[in-house]
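Below: the structure, in structure tokens.
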Protein chains: 2
Amino acid sequence: MARPLLTRPRSRIRAPEIRARAFDREKDASAQIENLLSRGQQARFRAIATILDYQRGGSTVFTEGEDAHFIYSVISGVVRISRYSDSGRRQVLALMLPGDLFGFPEGGRYVNSAITASSVSLYRVPWQRLRELLLHEPEMHLNMLIRVAFDLREAQRRIMILGQQNISQRLASFLIDFAQHPDFYDERKHRLALPLTRFDLGDYLGSAPETVARAFAKLERLGVIRRISPRLIEIPSLEGLRQVVGGRRRAGNGRGRL
Amino acid sequence: MARPLLTRPRSRIRAPEIRARAFDREKDASAQIENLLSRGQQARFRAIATILDYQRGGSTVFTEGEDAHFIYSVISGVVRISRYSDSGRRQVLALMLPGDLFGFPEGGRYVNSAITASSVSLYRVPWQRLRELLLHEPEMHLNMLIRVAFDLREAQRRIMILGQQNISQRLASFLIDFAQHPDFYDERKHRLALPLTRFDLGDYLGSAPETVARAFAKLERLGVIRRISPRLIEIPSLEGLRQVVGGRRRAGNGRGRL
DNA sequence: CGTGTGATTGAAATGCTTCAATTATCGTGG
DNA sequence: CCACGATAATTGAAGCATTTCAATCACACG
């Protein structure tokens, strides 16, 4: 009935009856506005959009609690989506990259804050006009649903990472994800340009900036990355990072598996 | 510019310019199929639905990777939504309670597994027929979008909890959430009936079952809960649990904040 | 050439995981 | 209804991981 693991850990079977790759993220990364909408739809979307340019990182697009009037789509650059807990600590919930859509209102207000992490260009669309457009474009409407469902899946992936991986593994997962984006990863030189400080990265990975720095040091010690500068990382091969992610959360004595 | 905290932690301002309660979960808990759909819509939804009864916990509704043909809605009981990492470890992503909707397909397949955690009754609706229904009911369509957006927000809340809180705090957050549901919380007796084992709870909170047991012991030591039996918890007042959640992640020496 | 911020490293303390062993609970059959 | 067995839950102990505070280093910018 249950597919046995190499050894059965503890007293409980921890494998599903059927296994399949949950989903292929590299393929899914194409679920962007350009690919989601037909050419005609894109034109109608742009017709009601304004283009905004933010010269530098750290600019506020909107803040949690604010009245929500607009939806945004990233043209270029990176936007941090974050929320503050009651104790005042920030959590970076997601990073919006070119093609991503953000700013869905909840009860007329924004739930999260959006801050630029670099120089950024955005489409800005009035929510009301988009609503009207959706009424006449059921296909576009369905695409919106698919888009939100994609974000939900991404959030679930973050839950898995935060729930199961140690900091080095989380950092490795992050680097692998970012290396999928040609905007940041020079595939020829194997170099990844990070648009985040160690503080931001800490808030994204659920950890302290010092711990993130140590995780970088550890990955470098393992030989899977090299720090050209704090924000420019050389990745000889993504395979090394994948092996880090695949390992155990804790060193252990090696009995549990294999 | 920035609203100062009691003391400014570290060298970086960690508070937003505008603060507001992110959202009111107790209010949001009403975003269920009964409240989301009008009376007529409900009737049309039920017209294409089959009722399924699972006698006991541990039954598989569907498994990740399976071809997806149906959408489900919980009538009564609890369903665990989980996914397995490549290393074979399970993460419980969400718990579906009465009124919740689950089983959205991704590329024709289920991404997660759904297993009953108790005796459960479900509506089962063929995805194809629901699609047809949605085409003729744009309002229902919009409600679906709202429903998925709600799930996304819930997932983001989980990200915050996993990213910022220690195990006792996560457990306290979980107990507070569950105490909102009259199906499990006897408000008169202040008793909460848990539909999960320590294993399930560990996989939900991103921790080991032993650690969860210790967290229960700690909350009891703090006087905010009392274990009648392992699965039946007395909560004298939710306020105590809220204070646990509001505290620091780590003991510290009290210098950082006030 | 200072100055401030970001990044790194050190050291101590706390929290969590893991393995092991014991105890409690629940379902089932006698 | 009770006893039994299996599973769940708890507790102990050791070791590893992360946080925290502190100090130093690196770097960009004026």
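Sequence lines set the chain letters: A, B, ... in the order given, protein chains first and strands last, and positions in each chain run from 1. Everything numeric here is computed off the predicted structure, so don't read it as measured data.
- Using a 4.0 Å cut-off on heavy atoms, the residues of residues 158-171 of chain B that approach DNA chain C are Asn166(B), Ile167(B), listed by number.
- Taking atom CG of Leu194(B) as the reference point, atom P of dT10(D) lies 10 Å away to the nearest angstrom.
- Contact annotation: Arg227(B) reaches the phosphate of dT10(D) (side-chain N/O to OP1 or OP2, under 4.0 Å).
- Under 3.5 Å, the side chain of Arg250(B) and the base of dA13(C) form at least one donor-acceptor pair of N or O atoms.
- The closest donor-acceptor contact from the side chain of Gln156(B) to the backbone of Leu93(A) lies at 3.5 Å or more, if one exists at all.
- At the heavy-atom level, Gly206(B) lies under 4.0 Å from the strands shown only through sugar-phosphate atoms.
- Considering only heavy atoms from C-beta on, Val245(A) stays 4.5 Å or farther from Ile161(A) through its side chain.
- The ring pair (Phe, Tyr, Trp, His ring centres under 6.0 Å) search around Tyr185(B) returns none, not counting sequence neighbours.
- From one end of the helix from dC1(C)-dG30(D) to dG30(C)-dC1(D) to the other, with five pairs defining each end axis, the axis direction shifts by 40° (rounded to 10°).
- Dashed line: the shortest gap from a side-chain N or O of Arg198(A) to OP1 or OP2 of dT8(C) is under 4.0 Å.
- The stretch residues 213-224 of chain A comes close to DNA chain C through Ala213(A), Arg214(A), Ala217(A), each having a heavy atom under 4.0 Å from the strand.
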Pairs under 3.5 angstrom, nitrogen or oxygen only, protein versus nucleotides 28-30 of chain D, please.
none

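- Looking at Arg242(B) and Asp86(A), no side-chain N of the basic residue comes within less than 4.0 Å of a carboxylate O on the acidic one, giving no salt bridge.
- The side chain of Glu210(B) lies closest to dA20(C), out of dA17(D), dA20(C), dA7(C).
- Under the salt bridge (charged side-chain N to carboxylate O under 4.0 Å, His left out) criterion, Arg226(A) pairs with Glu234(A), sequence neighbours left out.
- Note on Arg231(A): only backbone sugar-phosphate atoms sit closer than 4.0 angstrom, heavy atoms only; bases stay farther off.
- By the side-chain contact (heavy atoms from CB on, under 4.5 Å) test, Leu232(A) pairs with Arg191(A), Ala193(A), Ile228(A), Ser229(A), sequence neighbours left out.
- Under a 3.5 Å cut-off, the side chain of Asp100(A) and the backbone N or O of Leu97(A) do form a donor-acceptor pair.
- A donor and an acceptor atom, one from each side chain of Asn112(A) and Arg83(A), are located under 3.5 Å apart.
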Side-chain donor/acceptor pairs under 3.5 Å, residues 217-225 of chain B, sequence neighbours excluded:
from, atom 1, to, atom 2, distance (Å)
Glu220(B), OE1, Arg227(B), NE, 2.7
Glu220(B), OE1, Arg227(B), NH2, 2.8
Glu220(B), OE2, Arg227(B), N, 3.1

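- With Asp53(B) contributing its side chain and Ser121(B) its backbone, the two residues share no donor-acceptor pair below 3.5 Å.
- In this structure, Tyr54(B) has no ring pair (Phe, Tyr, Trp, His ring centres under 6.0 Å) partners at least two apart in sequence or on a different chain.
- Formation of a donor-acceptor pair under 3.5 Å by the Arg198(A) side chain with backbone atoms of Pro230(A) is found in this model.
- A search for salt bridge (charged side-chain N to carboxylate O under 4.0 Å, His left out) contacts involving Glu187(B) returns nothing, not counting sequence neighbours.
- Within the 3.5 Å criterion, the main-chain N or O of Arg248(A) finds a donor-acceptor partner in the side chain of Gln169(A).
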Please tabulate the protein-to-nucleotide N/O contacts below 3.5 Å involving nucleotides 23-25 of chain C, giving atom names and distances.
none

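- The side chain of Thr211(B) places an N or O atom within less than 4.0 Å of a non-bridging phosphate oxygen (OP1 or OP2) of dT17(C).
- Among residues two or more places apart in sequence or in another chain, the ring pair (Phe, Tyr, Trp, His ring centres under 6.0 Å) test is passed with Phe184(A) by Phe178(A).
- Proximity of a side-chain donor or acceptor of Arg158(B) to a complementary backbone N or O of Tyr204(B) within less than 3.5 Å is detected.
- An OP1 or OP2 oxygen of dT17(C) is reached within less than 4.0 angstrom by a side-chain nitrogen or oxygen of Ser207(B).
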